[in-house]
2 protein chains.
Amino acid sequence: MTYANALAALADPTRRTVFERLRGGAKPVGAIAKGLPVSRPAVSQHLKVLKEARLVTEYRDGTRRFYAIDTQGLEAVRKYLDGFWDEALERFKAFAEADEVRPRRRKRKAK
Amino acid sequence: MTYANALAALADPTRRTVFERLRGGAKPVGAIAKGLPVSRPAVSQHLKVLKEARLVTEYRDGTRRFYAIDTQGLEAVRKYLDGFWDEALERFKAFAEADEVRPRRRKRKAK
DNA sequence: GGTACACGTAAGCCATGACTTACGCGAACG
DNA sequence: CGTTCGCGTAAGTCATGGCTTACGTGTACC
């Protein structure tokens with residue numbers, strides 16, 4: 001159920017900005033936080049959430065921690081969304097049938 | 001920027017449950033709320049959010065309001081996520097280069 | 001035309017979570 | 001080795017938002 005965490009993680013605008021800054025390669029926390037309207041600790045907290053959602057990976061190099069995009073979280077969300085796609089295409093079919101949900105009273109038989 | 005609203009909408013678990021109940025065809029509010037651990041007004045509020053995010057559509061039939069899945073919101077999210085996919089594949093490339101982010105001091109020339 | 005149904009909206013409550021500042025810890029540099 | 005750098009964590013604050021109950025509105029039935 002990683003998709004749930006991933007969706008929750010991507011819901012926050014600033015956290016999304018943090019995530020988007022990882023496009024183009026791994027970056028240390030300081031570089032990510034630079035220029036953002038929030039403090040560096042805030043960025044650290046966001047990265048923690050993103051990491052738990054499998055949206056980023058972390059590796060250390062000396063005193064720095066590099067973060068990079070992890071495809072696992074993205075993949076989980078994508079699969080979740082795809083589950084609706086096919087169903088949505090059958091929407092009209094279900095519309096035509098509409099067994100479960102009928103009008104309270106039969107429309108008096110259209111002749 | 002519908003993808004932002006859509007992500008925020010799909011972040012909430014109960015709202016996701018509401019959304020998932022629309023798989024297989026349109027349903028009126030009462031049918032959606034039936035069996036859920038929250039009140040019917042709560043479901044109405046969730047549907048309002050989903051509608052603003054282009055995740056559901058509404059049409060009226062008498063006194064009922066039927067809600068169905070709208071692909072627009074899903075498509076917006078999908079496109080947003082796809083934007084990362086290609087970039088993520090170049091992660092290793094960027095890893096190899098890593099221009100912008102170098103160690104503070106050159107590693108004293110490996111040799 | 002009054003009653004009952006299906007639903008949206010208003011107002012208020014309360015938990016969650018996004019932020020801040022302060023602190024601690026380990027790795028590098030001199 | 002002391003200092004500085006880069007970062008995570010703790011604790012506390014404040015706004016957001018998800019929920020409730022109460023109410024209002026329009027459509028169907030008799």
Side-chain angles (χ1 to χ4, degrees), chain A residues 4-19 21-22 26-53 55-68 98 100-108, chain B residues 4-19 21-22 26-53 55-68 98 100-108:
Chain A
N5 296 326
L7 283 172
L10 291 174
D12 184 68
T14 43
R15 193 181 302 137
R16 225 159 36 219
T17 305
V18 167
F19 184 62
R21 289 212 169 185
L22 263 37
K27 287 187 181 60
V29 181
I32 302 171
K34 174 144 297 183
L36 285 187
V38 296
S39 69
R40 186 196 49 75
V43 174
S44 273
Q45 293 166 358
H46 283 307
L47 287 168
K48 183 180 181 181
V49 175
L50 290 170
K51 187 181 174 186
E52 289 169 350
L55 284 167
V56 301
T57 53
E58 177 217 322
Y59 69 90
R60 316 187 182 195
D61 179 61
T63 173
R64 317 211 178 162
R65 315 220 175 169
F66 285 77
Y67 287 88
E100 213 167 2
V101 190
R102 305 184 163 273
R104 270 195 292 185
R105 222 227 263 181
R106 210 78 168 92
K107 211 182 216 132
R108 229 53 178 122
Chain B
N5 297 326
L7 283 172
L10 292 174
D12 184 68
T14 43
R15 194 182 298 135
R16 226 162 31 223
T17 305
V18 168
F19 184 62
R21 289 212 170 186
L22 263 37
K27 287 187 182 61
V29 181
I32 302 172
K34 174 144 296 184
L36 285 188
V38 296
S39 69
R40 186 197 47 77
V43 173
S44 273
Q45 292 166 359
H46 283 307
L47 286 168
K48 182 181 182 182
V49 175
L50 289 170
K51 187 182 175 187
E52 289 169 350
L55 283 167
V56 301
T57 53
E58 176 217 323
Y59 70 89
R60 317 185 181 194
D61 179 59
T63 171
R64 316 210 179 164
R65 315 219 174 171
F66 285 77
Y67 287 88
E100 212 168 1
V101 190
R102 305 184 163 273
R104 269 194 292 187
R105 222 229 261 180
R106 212 76 169 92
K107 211 182 211 130
R108 226 57 178 121

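Note on naming: letters A, B, ... go to the chains in the order of the sequence lines (proteins, then strands), and numbering restarts at 1 for each one. Atom set for the values below is all heavy atoms of this structure, side chains included, hydrogens, waters and symmetry mates excluded. What you see is a predicted model, and the numbers here were worked out from it, not measured in a lab.
With distances taken from any side-chain atom of A/Ala42 to the nucleotides C/dT20, C/dG8, D/dG8, the minimum falls on C/dT20. The side chain of B/Val29 lies closest to C/dC7 when the candidates are D/dT20, C/dC7, D/dT9. Among D/dG18, C/dA10, D/dA11, the nucleotide with an atom closest to any side-chain atom of B/Gln45 is C/dA10. Each of C/dC19, C/dT9, D/dG6 was ranked by its minimum atom distance to the side chain of B/Ser44; first place goes to C/dT9. In the set C/dT20, D/dT20, D/dG18, the nucleotide with an atom closest to the side chain of A/Pro41 is C/dT20. Distance from the side chain of A/Pro28 is smallest to D/dC7 among C/dA6, D/dC7, D/dG18.
Between the C1' atom of D/dG26 and the CZ atom of B/Arg60 lies a distance of 10 Å, rounded to the nearest Å. Summarising the geometry, the separation between CG on B/Asp61 and P on D/dG26 is reported as 18 Å, rounded to the nearest angstrom. In this structure, CZ of B/Arg65 is placed 9 Å from C1' of D/dG26, rounded to the nearest angstrom. Taking atom CG of A/Leu50 as the reference point, atom P of C/dG17 lies 15 Å away to the nearest angstrom. For the pair A/His46 NE2 and D/dC7 P, the computed distance is 16 Å after rounding to whole Å. To the nearest angstrom, C1' of D/dC19 lies 15 Å from NZ of B/Lys48. In this structure, the CZ atom of A/Arg64 is 11 Å from the C1' atom of D/dC7, given to the nearest Å. The distance from atom OH of A/Tyr59 to atom C1' of D/dG6 is 15 Å, rounded to the nearest whole Å.
Heavy-atom nearest nucleotides on DNA chain C were determined for A/Gly62 and for A/Ala8, and the one closer to the 5' end corresponds to A/Ala8. The residue among B/Leu47 and A/Asp12 whose nearest nucleotide of DNA chain C lies closer to the 5′ end is B/Leu47.
Of the possible donor and acceptor atoms, one in the side chain of B/Arg15 sits under 3.5 Å from a partner among the backbone N and O of B/Ala8.
For B/Ser39 and D/dT20, the shortest distance from a side-chain N or O to OP1 or OP2 is below 4.0 Å. Residue B/Thr63 places no side-chain N or O under 4.0 Å from the OP1 or OP2 atom of C/dC7. Residue B/Arg15 has a polar side-chain atom (N or O) positioned under 4.0 Å from OP1 or OP2 of D/dG18. Of the side-chain N and O atoms in B/Thr14, one or more sit less than 4.0 angstrom from OP1 or OP2 of D/dC19. Distances shorter than 4.0 Å separate some side-chain N or O of B/Tyr67 from OP1 or OP2 on C/dG8.
Using a 4.5 Å cut-off on side-chain heavy atoms (C-beta onward), A/Leu47 and A/Glu58 make no contact. Considering only heavy atoms from C-beta on, B/Arg21 comes within 4.5 Å of B/Leu36 through its side chain. A 4.5 Å side-chain heavy-atom check between B/Val18 and B/Val56 finds every atom pair outside the cut-off. Using a 4.5 Å cut-off on side-chain heavy atoms (C-beta onward), A/Val29 and A/Arg40 make contact.
Scanning atom types as modelled, one donor and one acceptor separated by under 3.5 angstrom connect the side chain of A/Arg40 and the base of D/dG8.
Residues B/Leu10 and B/Phe19 share a closest heavy-atom pair of CD2-CD2, 3.9 Å.
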